[in-house]
Chemist: 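Please read through the structure below; I'll follow up with questions.
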Amino acid sequence: MYEFKKIEEKWQKYWEDNQTFKVSNDTDKKPYYILVEFPYPSGSGLHVGHVRSYTAQDALARLKRMQGYNVLYPMGWDAFGAPAEQYAIKNHIHPKDAVQKNIKTFKKQMQRLGFSFDWSREFSTTDPNYYKWTQWQFLQFYKHNMAYKATIPVNWCPNCKTVLSNEDAAGGVCERCGGYVVQKEKSQWMLKMSKYAEDLLEGLKDTNFHEKVKLGQINWIGKSTGAEVEFKIDGTNKTFKVFTTRCDTLFGATYCVLSPEHKYIDEITTEEHKKEVNLYKEECSKKSELERTELNKNKTGVFTGAYAINPVNNKKIPIWISDYVLATYGTGAIMAVPAHDTRDYEFAKKFNLEIIPVLEGGNIEKEAYTEDGLHINSDFINGLNKTDAINKMLSWLEEHKCGKKQVNYKMRDWIFSRQRFWGEPIPMIYCDECGWQPVDEADLPLLLPDVAEYEPTDTGESPLAKITDWVNTTCPKCGKKAKRETDTMPNWAGSSWYFLRFMDPHNDKEFASMDAMKYWNRVDWYNGGMEHTARHLLYARFWVQMLYNMNLVPKKEMIWTRVSHGMVLGANNEKMSKSKGNVINPDDIVDEYGADTLRLYEMFMGDYEQDVPWSTDSLKGCKRFIDKIIRLKEKVVNENNYSKDLEIIINKTIKKVEHDILNMSYNTAVSSLMILANNYDDKDKITKKDYEVLLTLLNPIAPHITEQLNEELGNKPIVNSTWPTYDEDKTIDEYIEIGIQVNGKLRGTIIVNKDEEKEVLQQKALENDNVKKHLLDKEIVKIITIPNRIVNIVIK
RNA sequence: GCCUAAGUGGCGGAAUAGGUAGACGCACAGGACUUAAAAUCCUGCGAGAUUCAACCCUCGUGUCGGUUCAAGUCCGACCUUAGGCACCA
């Protein structure tokens with residue numbers, strides 16, 4: 001009788017007692033670093049979605065180990081952040097304690113699933129020994145001029161009482177609570193991410209990310225090449241710049257628009273327009289980003305009374321203000337070409353502004369309009385195509401010193417301050433005399449105070465501001481009284497470099513030694529959710545590139561392959577959630593069916609990269625398969641060679657399982673093992689070696705039961721053995737069934753020797769009774785014969 | 001609107017390089033074993049026409065075209081769904 005509970009516990013204990021998965025940095029073995037995104041240890045425990053990706057990478061890790069690699073497969077906790085803080089506030093406990101409890105649950109759940117993590121390297125981002133180095137790295141960024149404080153309008157969530165990054169407030173909605181975000185002026189720590197835009201783009205060449213992942217990064221960076229054009233303001237000696245990707249349409253620019261926040265507005269607005277302009281500016285400042293974008297079909301704006309001079313034809317064109325021009329992109333000002341830009345067109349129509357087409361085919365209104373016509377109404381670029389016109393215009397602008405080629409990026413600097421308690425304190429001190437001063441590195445970690453009060457304030461200050469004992473300190477430079485920065489770092493900080501720490505997690509001299517990082521080289525295989533492939537990956541790459549430029553890491557790109565998994569949905573095909581009542585708890589499944597069954601099912605359930613609904617029926621099918629594996633043991637006879645008639649299928653299966661696990665086709669790896677087991681089942685007896693190879697191939701996915709059965713054969717543990725090899729010549733059947741088509745339609749099949757001569761194939765095809773029927777009274781035009789594949793007879 | 005991914009039986013999904021569509025599993029139906037149940041084993045299982053039955057035949061991978069001896073796979077146009085971005089000049 002096989003009691004999976006006892007068996008699974010036994011082997012989990014064996015791995016723990018023997019420290020089977022503990023890896024050393026000090027070995028000649030080739031390194032292989034497999035990383036899964038470390039989870040946020042929420043109160044609801046491990047999700048079956050976690051089980052899917054952890055099992056997949058576990059299978060890869062176990063396979064690679066058997067192939068002789070020194071495999072680093074670590075696990076840790078990304079435990080700072082709002083949910084833990086809010087949970088703690090609600091339940092009147094310290095977030096530290098809540099986190100500790102959740103980590104314990106998560107870890108236990110993971111261990112029950114038999115993941116081969118090296119637990120000796122475990123850490124949490126909330127450990128002072130870890131965040132000491134997050135703070136230390138921030139100080140390096142500060143010292144290298146990559147961190148600065150700026151007063152900027154920020155996204156403020158009145159509900160969560162915190163600043164949100166542009167990313168966290170996408171669409172004007174708070175990512176955490178879903179409420180509307182408003183704009184608020186605040187002094188914030190920033191990281192100069194925009195400076196790295198080009199490097200982050202370039203660096204993608206040194207990665208093996210999936211194309212779609214690279215695209216996500218490229219879109220986020222948002223590079224666009226165009227020109228900066230300088231416009232004189234009529235009657236003054238002032239100028240302002242606009243950014244455009246279509247400087248070739250300059251002859252069609254009939255007005256300019258400044259964003260409501262543009263610094264020149266007050267100076268250029270004429271007396272009679274002042275009132276109107278000020279009113280409009282005020283209106284805009286009250287609008288949240290959401291309102292501004294929501295109303296994007298209905299353009300608003302006011303005239304300043306001022307005029308700009310179009311440099312190419314010296315025409316006076318009016319300067320307007322409108323919030324459809326964003327202050328944060330380009331120069332915060334545009335030239336408007338209403339004939340060829342939808343937004344400018346809408347605006348011009350509404351306010352009766354001039355529209356001059358400068359491209360053949362009329363203006364944007366016309367149905368057959370294309371934006372790539374030849375130039376008209378454009379003096380020296382008439383008749384040119386887009387590319388030529390842009391180039392000619394660029395040299396004209398440079399010659400006349402009123403413009404130049406310019407590259408712009410959507411990506412902005414990273415707002416690095418959060419007004420929360422539960423994050424890494426930013427290690428900076430403000431002194432009235434010396435300004436901002438970094439905390440002495442020797443004083444790190446700068447610990448979070450152990451207090452009971454950490455609720456957010458209404459003023460927008462961090463809860464830390466209320467803890468005067470902590471805030472009041474002395475200036476590291478002059479020694480006078482000073483105050484600590486009370487903002488903390490965003491959740492993204494700790495996860496931007498955790499993969500480096502896993503390479504050398506107990507180092508108390510450095511965040512990780514150069515030797516350790518050189519040995520492991522990089523993350524070979526990084527698995528995570530699609531939702532993190534844009535931002536987290538970008539932040540992590542930025543962080544690493546900054547460290548690289550300070551000679552603190554050996555490579556500019558420390559992550560090689562990035563893959564992502566699909567979600568496990570509820571049985572009703574919807575996202576699992578408590579409110580929908582479709583949540584599956586992995587613990588319940590492990591209790592009832594065992595960890596091996598759950599692991600096997602999650603690998604078999606579907607395409608790894610696609611979302612898949614949960615099905616308890618299918619899970620039961622996987623249990624049956626494991627029972628079949630156990631039953632097969634009764635057929636084993638003590639022989640140390642493959643059964644002659646199983647040799648081909650065994651070689652085939654070794655090849656396929658290996659290939660599939662290395663290529664994320666876990667579902668077909670499982671199905672090929674099922675086919676092998678069915679082949680065994682058809683026989684009265686199988687050899688010990690037949691059985692061993694099946695157990696070994698299944699071991700990465702179902703490690704407990706396979707170890708148990710293998711032990712009962714009297715063998716040493718699979719985990720210490722080597723991955724079976726296959727003989728390529730023996731992966732092809734001796735006899736092959738091939739199809740015979742007549743005019744592309746299947747009319748029969750024949751069984752032939754592998755690599756049979758074309759002539760023989762044709763002859764046999766023509767002898768087939770059903771084929772003959774179709775050939776009756778017909779003329780054969782030609783016969784296409786592809787050995788080992790198909791014969792197609794073309795008739796008239 | 002833009003970008004990305006995906007549309008194949010009742011369901012999850014297979015199908016190197018264009019070469020027998022539906023592997024493997026689930027569900028379902030019939031049967032064997034059993035006093036019975038569970039477990040297990042055997043058979044069938046895309047749709048349709050025809051037949052005592054089988055073979056055979058027709059249609060079939062979101063839609064419409066195209067390329068090819070041959071298309072789930074390649075090309076063109078479109079439709080639907082999911083996810084992401086969105087006044088980015």
Side-chain angles (χ1 to χ4, degrees), chain A residues 170-171 210-213 215-216 218-220 222-224 226-227 242-247 249 257 259 292-297 299 322-326 328-337 340-344 346-347 408-412 530-531 533-534 566-567 569 571 573 600-601 604-607 609-622 624-625 627-628 631 656 659 665 667-675 677-678 681 737-750 769-770 773-774 781-786 788-795:
Chain A
H210 270 197
E211 241 8 81
K212 62 178 175 183
V213 174
L215 255 157
I218 290 167
N219 290 340
W220 205 273
K223 179 179 183 171
S224 72
V242 305
F243 174 73
T244 175
T245 53
R246 293 300 300 268
C247 64
T249 62
V257 189
S259 68
R292 277 172 77 154
T293 50
E294 239 182 10
L295 301 168
N296 70 38
K297 266 159 212 125
K299 297 276 180 292
S322 173
D323 64 359
Y324 85 90
V325 174
L326 306 176
T328 46
Y329 183 76
T331 60
I334 61 154
M335 64 177 213
V337 185
H340 305 291
D341 180 282
T342 5
R343 296 153 300 175
D344 297 346
E346 283 167 26
F347 193 81
N408 248 309
Y409 301 92
K410 273 194 242 181
M411 196 174 71
R412 303 174 210 167
M530 202 53 210
E531 71 277 15
T533 51
M567 271 188 294
L569 304 171
N573 233 316
L600 189 76
Y601 168 58
F604 185 59
M605 70 197 312
D607 182 344
E609 295 182 87
Q610 297 301 130
D611 294 352
V612 174
W614 178 268
S615 160
T616 302
D617 277 334
S618 279
L619 174 89
K620 286 179 192 161
C622 291
R624 261 177 248 165
F625 173 64
D627 291 342
K628 180 182 276 184
R631 254 183 283 119
K656 177 134 182 81
H659 172 271
S665 304
N667 55 340
T668 48
V670 174
S671 86
S672 67
L673 286 166
M674 287 174 169
I675 293 169
N678 289 345
D681 204 26
E737 191 190 36
I738 68 167
I740 312 297
Q741 299 180 329
V742 177
N743 279 356
K745 286 198 165 128
L746 186 74
R747 299 300 179 194
T749 57
I750 51 173
D769 283 343
N770 194 42
K773 244 176 17 195
H774 286 271
V781 181
K782 61 175 165 178
I783 304 177
I784 288 137
T785 310
I786 313 290
N788 296 338
R789 295 256 151 148
I790 206 147
V791 177
N792 188 9
I793 303 162
V794 186
I795 57 169

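The chains referred to below are lettered A, B, ... by the order of the sequence lines, with proteins before strands, and numbering in each begins at 1.
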Chemist: Using the P atoms only, state how far A5(B) lies from C59(B), rounded to an integer number of Å.
Modeler: 34 Å
Chemist: Using both distances under 3.5 Å as the test, list the Watson-Crick or G-U wobble partner of C41(B), or none.
Modeler: G31(B)
Chemist: Do any side-chain nitrogens or oxygens of Tyr324(A) fall under 4.0 Å of OP1 or OP2 in A89(B)?
Modeler: no
Chemist: In this structure, how many angstroms lie between the P atom of A38(B) and the NZ atom of Lys620(A), rounded?
Modeler: 13 Å
Chemist: So Ser224(A), base contact, sugar-phosphate only, or nothing? Heavy-atom distance under 4.0 Å.
Modeler: sugar-phosphate
Chemist: Could you identify the nucleotide paired to A36(B), looking across every strand shown and requiring Watson-Crick or G-U wobble geometry with both distances under 3.5 Å?
Modeler: none
Chemist: Base, sugar-phosphate or nothing for Ile784(A)? Non-hydrogen atoms, less than 4.0 Å.
Modeler: base
Chemist: Could you give the distance separating U50(B) and G31(B) at their C1' atoms, to the nearest angstrom?
Modeler: 28 Å
Chemist: Classify Ile738(A) by what it touches in the nucleic acid, base, sugar-phosphate, or nothing, heavy-atom distance under 4.0 Å.
Modeler: base
Chemist: Distance check, C1' atoms only: U80(B) and C24(B), in whole angstrom units.
Modeler: 29 Å
Chemist: Can you tell me the distance, in whole Å, between the CG atom of Leu215(A) and the P atom of U4(B)?
Modeler: 6 Å
Chemist: Looking at Arg747(A), I'd like to know whether one of its side-chain N or O atoms comes within less than 4.0 Å of OP1 or OP2 on C56(B).
Modeler: no
Chemist: Report, as a single string ordered 5' to 3', how protein heavy atoms within less than 4.0 Å touch nucleotides 11-16 of chain B: B base, S sugar-phosphate only, - not at all.
Modeler: -BSS-B
Chemist: Using Watson-Crick or G-U wobble geometry with both distances under 3.5 Å, which nucleotide pairs with U73(B)?
Modeler: none
Chemist: Work out how far the P atom of G62(B) is from that of A6(B), and round it to whole angstrom.
Modeler: 13 Å
Chemist: Scan Thr328(A), Asp323(A), Val325(A), Thr331(A) and name whichever one has a side-chain contact (heavy atoms from CB on, under 4.5 Å) with Ser259(A).
Modeler: Val325(A)
Chemist: Nearest whole angstrom, please: distance from the C1' of C69(B) to the CD1 of Ile740(A).
Modeler: 14 Å
Chemist: I want to verify a distance call: between A89(B), C87(B), U20(B), whose nearest atom is closest to the Leu746(A) side chain?
Modeler: U20(B)
Chemist: Atom OH of Tyr329(A) and atom C1' of A86(B): how far apart are they, to the nearest Å?
Modeler: 13 Å
Chemist: Considering just the side-chain nitrogens and oxygens of Arg624(A), establish if one lies under 4.0 Å of OP1 or OP2 belonging to C24(B).
Modeler: no
Chemist: For Asp681(A) and for Val670(A), find the nucleotide of RNA chain B with the closest heavy atom, then tell me which residue's nucleotide is more 5'.
Modeler: Val670(A)
Chemist: So, Tyr409(A) versus Trp220(A), ring centres under 6.0 angstrom or not?
Modeler: no
Chemist: Is any side-chain N or O of Lys745(A) closer than 4.0 Å to OP1 or OP2 of C59(B)?
Modeler: yes
Chemist: For Asp344(A) and Val337(A), which heavy atoms make the closest approach, and how far apart are they?
Modeler: OD2-N, 2.9 Å
Chemist: Rounding to an integer number of Å, can you tell me how far Lys410(A) NZ sits from C85(B) P?
Modeler: 11 Å
Chemist: I'd like the P distance from G60(B) over to U73(B), given in whole Å.
Modeler: 13 Å
Chemist: In the strands shown, is G12(B) matched to any nucleotide by a Watson-Crick or G-U wobble pair with both distances under 3.5 Å, and which?
Modeler: C24(B)
Chemist: Test for a donor-acceptor pair under 3.5 Å between the base of C87(B) and the side chain of Lys299(A), counting only N and O atoms.
Modeler: yes
Chemist: Does Asn219(A) form a side-chain hydrogen bond (donor to acceptor under 3.5 Å, both in side chains) with Lys410(A)? I'd like the steps, not just the answer.
Modeler: CA-CA 9 Å; Asn219(A) 290 340; Lys410(A) 273 194 242 181; over 6 Å; no
Chemist: Would you mind reading off the distance between Asp617(A) atom CG and C28(B) atom C1', rounded to a whole angstrom?
Modeler: 11 Å
Chemist: Return yes if some donor-acceptor pair links the side-chain N/O of Asn573(A) with the main-chain N/O of Pro613(A) below 3.5 Å, else return no.
Modeler: no
Chemist: When rounded to the nearest Å, what value does the distance between C1' atoms of A14(B) and U61(B) take?
Modeler: 12 Å
Chemist: Have a look at Gly222(A) and say if it touches a base, only the backbone sugar-phosphate, or nothing, with a 4.0 Å heavy-atom cut-off.
Modeler: nothing
Chemist: Quick one: look up who U61(B) pairs with, Watson-Crick or G-U, both distances under 3.5 Å, and put none if it's unpaired.
Modeler: none
Chemist: Report yes or no: do Tyr329(A) and Ser224(A) form a side-chain donor-acceptor pair below 3.5 Å?
Modeler: yes
Chemist: Nearest to the side chain of Val794(A), which nucleotide is it out of C24(B), C69(B), U4(B)?
Modeler: C69(B)
Chemist: Give the minimum heavy-atom separation between Met605(A) and Val612(A), together with the two atoms involved.
Modeler: O-CG1, 3.6 Å
Chemist: For the residue pair Phe604(A) and Ser671(A), what are the closest heavy atoms and their distance?
Modeler: CE1-CB, 4.0 Å
Chemist: Have a look at Ile786(A) and say if it touches a base, only the backbone sugar-phosphate, or nothing, with a 4.0 Å heavy-atom cut-off.
Modeler: base
Chemist: Tell me, do Ile790(A) and Ile738(A) make a side-chain contact under 4.5 Å, heavy atoms counted?
Modeler: no
Chemist: Please determine whether side chain to side chain contact (heavy atoms under 4.5 Å, CB included) holds for the pair His774(A) and Gln741(A), giving the CA-CA distance in whole Å, both sets of side-chain angles, and the decisive distance to 0.1 Å.
Modeler: CA-CA 10 Å; His774(A) 286 271; Gln741(A) 299 180 329; over 6 Å; no
Chemist: Should U68(B) form a Watson-Crick or G-U wobble pair with both distances under 3.5 Å, which nucleotide is its partner?
Modeler: none
Chemist: Report the base-pairing partner of A82(B) (Watson-Crick or G-U wobble, both distances below 3.5 angstrom), or none.
Modeler: U4(B)
Chemist: Can you measure Lys628(A) atom NZ to U40(B) atom P for me and round it to whole angstrom units?
Modeler: 9 Å
Chemist: Can you tell me which nucleotide in C56(B), A89(B), G25(B) comes closest to the side chain of His774(A)?
Modeler: C56(B)
Chemist: Measure from the side-chain heavy atoms of Ile790(A) and tell me the nearest of U20(B), C3(B), A5(B).
Modeler: U20(B)
Chemist: Between Tyr601(A) and Val670(A), is any pair of side-chain heavy atoms under 4.5 Å apart?
Modeler: no
Chemist: Let me know, please, whether Asn788(A) or Thr244(A) comes out on the 5' side of the other along RNA chain B by nearest nucleotide.
Modeler: Asn788(A)
Chemist: Nearest whole Å is fine: how far is A70(B) C1' from Lys782(A) NZ?
Modeler: 11 Å
Chemist: Looking only at atom C1', what distance separates G25(B) and G13(B), rounded to whole Å?
Modeler: 9 Å
Chemist: Write down the distance separating the P atoms in U63(B) and G10(B), rounded off to the nearest Å.
Modeler: 14 Å
Chemist: Does a donor on one side chain and an acceptor on the other come within less than 3.5 Å for Asn678(A) and Lys628(A)?
Modeler: yes
Chemist: Would you say a side-chain N or O of Asn678(A) is under 4.0 Å from OP1 or OP2 of G25(B)?
Modeler: yes
Chemist: Classify the nucleic acid contact of Asn792(A) as base, sugar-phosphate or nothing, counting any heavy atom under 4.0 Å across all strands shown.
Modeler: base
Chemist: Any idea if G7(B) is syn or anti, going by the 90°-from-0 cut?
Modeler: anti
Chemist: Using a cut-off of less than 4.0 Å, is there contact between a side-chain N or O of Asn770(A) and OP1 or OP2 of C57(B)?
Modeler: yes
Chemist: What is the base-pairing partner of C55(B), counting Watson-Crick and G-U wobble geometry with both distances under 3.5 Å?
Modeler: none
